[in-house]
**Student:** 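Submitted below is the structure of interest, expressed as structure tokens.
A note on names: the letters A, B, ... follow the listed sequences, proteins ahead of strands, and every chain is numbered from 1.
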Amino acid sequence: MEEVRTRFAPSPTGYLHVGGLRTALYNFLFAKKNNGKFILRIEDTDKSRYVEGAVENLIQTLKWCELFYDEGPDIGGPFGPYIQSQRLEIYKQHAEELIKKGHAYYCFCSPERLAALREEQSRLKVPQIKYDKHCLKLNPQEVKNKIENGELYVIRLNVPPNQTVKFHDLIRGEVEFDTNIIDDQILIKSDGYPTYHLANVVDDHLMKISHVIRGEEWLSSTPKHVLLYEYFGWEKPQFAHLPLLLNPDRSKLSKRQGDVAVEEYRAKGYLKEALINFVALLGWNAGDNREFYYLNELIEKFSLEGVNKSGAVFDLNKLLWLNGEHIRKKTVDELLPLLKDELKKSKYASNNFSDDYLKLVISAMQERIDFVHEIITKSYYFFERPNSYEEKAIQKNWKPETPKFLKVLIEEIDLLNNPTKEDFENALNSVAEKLQINKGKLIHPLRLALSGTSAGPGIYDLLHILGKDEVKSRIQIAIQRISEGKIQ
RNA sequence: GGCGCGUUCGUCUAGUGGCUUAGGACGCCGCCCUCUCAAGGCGGAGAUCGCGGGUUCGAAUCCCGCACGCGCUACCA
């Protein structure tokens, strides 16, 4: 069997879109699953849409997601270059070959004539608006003269009438188009650059791509590609057109209705594992009930047969849940560098917390967060003293007798030497017993005193993490506040 | 307008003629656990399988028509 070779071929017109991420992922998964190669090719054939830095960003984002390619612009490979603007001569030669064979021709029509033509056809309500093959009538000498005169020209595909183009799509089955509805596609633009259609077909062939896995928006232009393969005398690759990613209103996923750049999700604190897991399930499933996957497991399970036909709405809720799931499945050691990164970006950047301390905080918070940065926002009291106390919790928990209880507790804690979690628990139990009160009468006011909030990790964890001295100080401060009645 | 593709709970989906009173997940609601909040466990509401015909003893599953949605229809990809 031929080697499986897939490719992700984005245009550098901005940042990596989540739809693009999924296309890249499926190409990657399919290649890896079949011991093949995954290639990155940059399709920068539209100079006007080129965005500075987009290629670097694309590469960086792909690498962040760990979608490593075997051949690509920055790492090279046997079929380079992998940037289309560096392959202009190749496309030109191929276009000329087509002209020689009579499957393509020079066209000198101005954009104005083309626009007028379209308007005319639209007015006459012709079924299919397309080029009228006007320049096909030119004889070789006329063409030669025009070119020598420096007239601008494009090269068009000479689409034959009354034929049916059929091809098999791995996801959609047999698809067929009538050539009468296919326009004489421009292959080479007047600036000498190829259009997507030519460049894509030529490169896929030259780079020995075996499977073209791309978005559904390309399905309608596939017959043009099929024609090209035929005219070049090349074997065509297998096609697989993926369903689109949709906005909540079922229109094509767009910026207006939320974030679309992978970069933005990364910045918001989504884990690459969650993003990959989520996006993999948008339009594909292994036929079982599993929802949680790591990349290597996806490789193991992936198949094109499991890809759906219909578009999928991008549901932020589920992504959020998956992010929390991935956080919960990570070890404290894996989470530590992530927390440190977040800390660097926070107002605590200049503080120096020990790894041991941070690890305790992580284990206390791990199951209470959906984002790593929530360790800092939801439990800031691990990084500084509470700057306020929750009003509702004060009403509920800080009673006139509270200071008295807390004082007894301080005395008891003071007796402890380098206390463990259990020591704190014992101390609290004995105070409750001594005072003849329910533990809750101690725990809730204490939590508020220590954290300023009524929600959070177990009280003994809280005590243990903060440590004896800090606990004492915070209780003192709280007692002060309560007795002063100066509670915010 | 033309052509193409699609249509199962709000969302992602399982389902390829009888195992289906259509299963799972997210979200929502409730209960349990419990020092709080989570996590976890258990349970609930939620889909006349887009609509209408047909084939069949039997259809979400096969066929036909229609509707709706989306994509393409550029010297953009």
Side-chain angles (χ1 to χ4, degrees), chain A residues 9-13 43-46 48-49 107 109-111 114-115 118 121-122 125-130 152-156 169 171-173 175-178 180-183 185-197 199-200 214-223 241 243-244 246 248-252 278 281-292 308-322 324-325 328 365-370 378-379 393 396-397 428 438-444 446-448 451 453-460 462:
Chain A
S11 324
T13 55
E43 309 220 326
D44 56 344
T45 55
D46 185 355
S48 66
R49 295 213 306 165
C107 170
C109 292
S110 67
L114 261 20
R118 264 194 291 271
Q121 292 179 346
S122 159
K125 292 197 182 352
V126 298
Q128 199 62 41
I129 294 176
K130 56 178 192 175
L152 284 179
Y153 65 85
V154 300
I155 297 177
R156 312 186 84 116
D169 186 279
I171 293 168
R172 281 148 221 285
V175 183
E176 53 175 79
F177 289 82
D178 184 337
N180 291 324
I181 62 138
I182 303 174
D183 202 358
Q185 182 63 49
I186 289 177
L187 266 15
I188 299 278
K189 299 181 261 188
S190 58
D191 64 1
Y193 276 61
T195 55
Y196 171 89
H197 310 281
N200 192 266
R214 84 238 285 197
E216 196 192 351
E217 68 267 31
W218 294 109
L219 191 61
S220 303
S221 32
T222 304
H241 288 93
L244 263 16
L246 274 23
D249 69 358
R250 304 206 78 84
S251 57
K252 192 175 168 183
F278 175 63
L281 258 22
L282 240 35
W284 170 85
N285 74 84
D288 56 22
N289 285 334
R290 245 182 106 174
E291 304 282 342
F292 187 92
N308 289 132
K309 293 177 170 67
S310 54
V313 173
F314 194 89
D315 178 18
L316 237 23
N317 254 331
K318 193 154 185 174
L319 208 209
L320 188 65
W321 168 75
L322 268 174
E325 284 291 292
R328 269 163 242 136
M365 291 303 293
Q366 186 170 12
E367 62 190 28
R368 281 166 245 270
I369 51 167
D370 289 321
K378 288 177 94 166
S379 56
K396 193 174 170 198
N397 299 310
L428 198 132
N438 191 298
K439 274 197 298 185
K441 284 250 193 307
L442 235 31
I443 288 173
H444 298 293
L446 179 58
R447 174 191 306 286
L448 185 57
S451 70
T453 153
S454 58
I459 194 71
Y460 309 118
L462 192 53

**Student:** Base, sugar-phosphate, or nothing for R172(A), non-hydrogen atoms under 4.0 angstrom?
**Tutor:**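 R172(A): backbone/sugar contact only, no base atoms under 4.0 Å.
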
**Student:** For E176(A), report the nucleic acid contact type (base, sugar-phosphate, nothing); a contact means any heavy atom under 4.0 Å.
**Tutor:** sugar-phosphate

**Student:** What is the base-pairing partner of G65(B), counting Watson-Crick and G-U wobble geometry with both distances under 3.5 Å?
**Tutor:**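 Pair assignment: G65(B) / C51(B).
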
**Student:** Using a cut-off of strictly less than 4.0 Å, decide whether T45(A) has a side-chain nitrogen or oxygen near OP1 or OP2 of A77(B).
**Tutor:** yes

**Student:** Rounded to the Å, how far apart are R118(A) CZ and G2(B) C1'?
**Tutor:**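 The answer, rounded to whole Å, is 15 Å.
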
**Student:** Could you run down the sub-3.5 Å N/O contacts of the protein with nucleotides 49-52 of chain B?
**Tutor:**
none

**Student:** What nucleic acid atoms does S11(A) come within less than 4.0 Å of, heavy atoms only: base, sugar-phosphate, or nothing?
**Tutor:** sugar-phosphate

**Student:** Suppose you measure atom P in U13(B) against the same atom in G58(B); what distance do you get, rounded to whole Å?
**Tutor:** 33 Å

**Student:** Taking 4.0 Å as the cut-off, does a side-chain nitrogen or oxygen of K130(A) come that near to OP1 or OP2 on A74(B)?
**Tutor:**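 It does not, given that no N or O in the side chain of K130(A) lies less than 4.0 Å from OP1 or OP2 of A74(B).
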
**Student:** Taking any strand in view, what nucleotide pairs with U11(B) in a Watson-Crick or G-U wobble way, both distances under 3.5 Å?
**Tutor:** A25(B)

**Student:** Grab the two heavy atoms, one from P194(A) and one from T45(A), that are nearest each other, plus how far apart they are.
**Tutor:** O-CB, 3.3 Å

**Student:** Given the C1' atoms of A22(B) and C42(B), what is the spacing between them in whole Å?
**Tutor:** 23 Å

**Student:** Classify every nucleotide of nucleotides 29-45 of chain B by which part a protein heavy atom approaches to under 4.0 Å, writing B for the base, S for the sugar-phosphate alone and - for neither, in 5'-to-3' order.
**Tutor:** ------BBBBSS-----

**Student:** From CG of N200(A) over to P of A77(B), roughly how many Å is that when rounded to an integer?
**Tutor:** 10 Å

**Student:** When you compare G52(B) with A67(B), how far apart are their C1' atoms, in angstrom units rounded to a whole number?
**Tutor:** 10 Å

**Student:** What does the B/S/- profile of nucleotides 7-14 of chain B look like, 5' to 3', with a 4.0 Å heavy-atom cutoff to protein?
**Tutor:** S---SBSS

**Student:** Please state whether the rings of Y196(A) and W218(A) are parallel, tilted or perpendicular, taking 30° and 60° as the class boundaries.
**Tutor:**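 The rings of Y196(A) and W218(A) lie parallel, inter-plane angle below 30°.
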
**Student:** For the P atoms, the ones on G69(B) and on C75(B), what distance do you get once it is rounded to whole angstrom?
**Tutor:**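 Between the two P atoms, the distance is 28 Å.
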
